[in-house]
Amino acid sequence: MNDAEFKRFTDAAAQCKMSNAAFLAYAVDKATRDLNRTAAEIATEREAIEELFAARRHLGRIHGLFNQVAKALNSGADAPHLEASAEAVRSAARRMEEAADALLARYDGGAAS
């Protein structure tokens, strides 16, 4: 547990007017009462992180494709759908950034910056 996690843990215990040990025992007991839900929440987070990494890889590939488009345009080629394609990529990048911010906010215990 890093310092930020420990602080979040001790703050939560204090807010519940419990000792750290009592709060930990309560949290563990609560998690073990519904292992399917606990496992599902962990799996869902893992899947979200994996999807964000996959999206980042795809955006990297798209970057390479846009470089090829730029090279073609510099050689006199026509790209009639370039603006629509660029806007679709910008929109996907914004959605990915929002998802990453939401996931980070969940880990940081606060709102995304």
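If you take CG on Leu24 and CZ on Phe9, they are separated by 5.0 Å, rounding to the nearest 0.5 Å. Atom CG of residue Asn20 and atom CZ of residue Phe6 lie 5.5 Å apart, to the nearest 0.5 angstrom. Residue Ser91 holds its OG atom at 12.5 Å from CE of Met96, rounded to the nearest 0.5 Å.
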Determine whether Arg95 and Glu98 satisfy the following criterion, salt bridge (Lys or Arg N to Asp or Glu O under 4.0 Å), listing intermediate values before the conclusion.
CA-CA 5 Å; Arg95 288 194 315 270; Glu98 289 166 2; over 6 Å; no
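Nearest approach of Ser19 to Ala13, heavy atoms of both residues: O-CB, 4.0 Å.
Between Val69 and the choices Leu65, Asn67, Leu73, the side chain to side chain contact (heavy atoms under 4.5 Å, CB included) rule is met once, by Leu73.
Residue-environment remark: OH (Tyr26) stays at or below the threshold of 12 foreign heavy atoms within 6.0 Å.
Although no hydrogens or angles enter the test, the distance criterion places no donor-acceptor pair under 3.5 Å between the side chain of Glu87 and the main chain of Ala84.
Ionic pairing of Arg56 and Glu97 is not present here: no N-O contact between side-chain nitrogen and carboxylate oxygen is shorter than 4.0 angstrom.
Side-chain contact between Phe23 and Thr10: absent, with no pair of heavy atoms (C-beta onward) separated by less than 4.5 Å.
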